[in-house]
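To start, the structure itself, in structure tokens.
Both counts, for ligands and for their atoms, begin at 1 and track the order of listing.
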Amino acid sequence: MKSFSLPIKWKLTLWYGGILALILVAFCGFVYTYFQNSLQKSIDTKIKSIAEVLSSSMTETHGQSLFGNFERYLENALGKKPKGKFIQIIDASGKIGARLNDLEAEAVPVSFVTLEKALKGEVVYETIETARPRLRMITMPILENKKVISIVQVGSSLEEFEDTMKRLLIIMIVSIITATGGTIIVGYFMAKKTMRPVDQIRRAAVKISSSNLDERIELKGRKDELGRLADTFNAMIARLKDSFQRVNQFSIDVSHELKTPLTILKGETELALRKDRTNEEYKKSLESNLEEIDRMSHIIDDLLLLSKAETKDMRLNLDKVDLRDLLADVCLNMKIFGENKGVEIIAKELEDIRIVGDALKLRRMITNIVENGIKYGHAGGYVAVSACKQDGFACINVKDDGPGISSDDIKYIFDRFYRADKSRKRESGSGLGLSISKWIAEAHHGTIEVESTPSTGSLFIIKLPMS
Ligand SMILES: Nc1ncnc2c1ncn2[C@@H]1O[C@H](COP(=O)(O)OP(=O)(O)OP(=O)(O)O)[C@@H](O)[C@H]1O
Ligand SMILES: [Mg+2]
């Protein structure tokens, strides 16, 4: 079963919304509690100050003037008529001496526990939940000679306070819902806009196949991470396209290279079979076939070597190599081939150079290049091989006075199957010699370069590190 995964744009939006809601709830909770405590404290201060004024005025008059006109007495004592308050004086025996009730609530219950505490001289603050509206009440004993002569109770309605807190709560809830909702809506559209290029990349990736590597992601002018991702993706597709093209070209070249000797093989064999032939004729035909088979097996060997080199399957058998000996040996081996073509091999200025390398592969590289010099040279020409030490490198030069290589061809001669002179194709070879030589030089962390002037000659320069 395909498991469901929430799209990133939704995940982002919900995370933003959720975190904002949490922060707002915590912040509003703090503000609400702080506000509630401050309001309660100010109510407590108010009722305490009334109770204190009454207490001191009662002490002065020994409670005598209270029982006349309580309202006027309060007005005198407090300087104004107390509004929204409940005030009562209880004598030491628990009898209510005077009371002012400016509240809508009728009976205000008096708790015996509170009275008992007050009689012991304790000031008690309490919230009377049973009264309607709820009351905040202070019960304060009035002392004379350290004796409780009466108790004053001042209560204040909590109606206004509750109204304020309720309104604050509503404002906060509406703000939290609006802010979170707004963040979710705006966040969703922003996340959707941000994630759009990712979707474009996904759709482009779906369309890409080996036959369609022209697809590119267009993120006009974006320089951010997604823009860079698209650029990287485009560069990857371009590289893939290049690789596919090279593989295709390679297959075409290989087929072409093998097709020619196969066609010749087939033609020669058919010709030989057309009528009865003498032993001599059969021998000639078989020799010609063997030549083509040799050519094919040579191509296949070279291809195998290059494929191995490309897949990094090829390892160098590193050992100490005496370059002077190796170069002299190659020149000696090529001497007969040179003589057959009328090309002289000159091995001069061979310095004593020792490097670490794969002797067999190095021999193959030098042979390829000297062989080219002979193969493409003219009778009476030469191929000169020299070697010297230069800036920590062993520098091998192979110079000839052959036809040279044109500037158009020179950039491609190290490519596989490239032959500068197509008309000489059959004699020239498969066009793999220099690609193999280049790989061998690079595998030794060296370089191979060519300088050439058409009709004057060519100079191949190989540089190999000495340590
Ligand atoms: N010394 C040279 N002078 C003139 N042209 C050269 C010389 N060396 C190489 N070339 C040109 O470069 C091409 C590539 O050489 P490369 O050695 O890779 O292939 P090849 O000699 O044709 O075949 P292979 O070496 O595989 O038998 C040659 O076909 C030839 O046209
Ligand atoms: Mg060659």
Based purely on interatomic distance, does [X] place a nitrogen or oxygen under 3.5 Å from a nitrogen or oxygen of ligand 1?
{"X": "G433", "result": "yes"}
{"X": "N372", "result": "yes"}
{"X": "S430", "result": "yes"}
{"X": "D400", "result": "yes"}

### Message
Going by salt bridge (Lys or Arg N to Asp or Glu O under 4.0 Å), name the pairs with one or both residues in residues 441-458, residues two or more places apart or in two chains.
### Response
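As it turns out, the salt bridge (Lys or Arg N to Asp or Glu O under 4.0 Å) pairs with a partner in residues 441-458, which skip direct neighbours, are K438-E442.
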### Query
Restricting to pairs with a member in residues 330-344, which pass salt bridge (Lys or Arg N to Asp or Glu O under 4.0 Å), not counting sequence neighbours?
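Every pair satisfying salt bridge (Lys or Arg N to Asp or Glu O under 4.0 Å) with a residue in residues 330-344: there are none.
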### Query
Hey, is the Mg ion (ligand 2) within less than 2.8 Å of some N/O/S atom on N368?
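No - counting backbone and side chain alike, N368 has no N, O or S atom under 2.8 Å.
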### Query
Numbering the atoms of ligand 1 from 1, which are under 4.0 Å from a heavy atom of L434?
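Checking each atom against L434, I get 9 (C), 15 (O), 16 (P), 17 (O), 18 (O).
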#### Entry: Ring-face cation of R416 near F250 (centre distance under 6.0 Å, axis angle within 45°)
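Relative to the ring axis of F250, which defines the angle, R416 lies inside both limits.
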Contact between ligand 1 and [X] is defined here as a heavy atom of the residue under 4.0 Å from a ligand atom; is it met?
{"X": "I405", "answer": "yes"}
{"X": "S452", "answer": "no"}
{"X": "F414", "answer": "no"}

### Task
Please report the shortest heavy-atom distance between M365 and L464, naming the atom on each side.
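Shortest heavy-atom separation between M365 and L464 comes out as CE-CD1, 4.4 Å.
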#### Entry: Heavy-atom pair of closest approach, residues K275 and Y282
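Closest pair (atom of K275, atom of Y282, distance): O-OH, 4.0 Å.
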From the options [options], select the one whose nearest heavy atom is closest to [atom].
{"atom": "atom 4 (C) of ligand 1", "options": "S437, G404, G402", "result": "G404"}
{"atom": "atom 3 (N) of ligand 1", "options": "A420, G457, G377, S458", "result": "S458"}
{"atom": "atom 27 (O) of ligand 1", "options": "R416, E371, K375", "result": "K375"}

### Query
Charged N to carboxylate O below 4.0 Å: is that the case for D325 and R354?
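Result for this pair is no, no salt bridge flagged.
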#### Entry: R228/D224 salt bridge by N-O under 4.0 Å criterion
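No.
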### Task
Show the numbers, then the answer: is there a side-chain hydrogen bond (donor to acceptor under 3.5 Å, both in side chains) between Y418 and D409?
CA-CA 9 Å; Y418 191 83; D409 292 318; 2.4 Å; yes
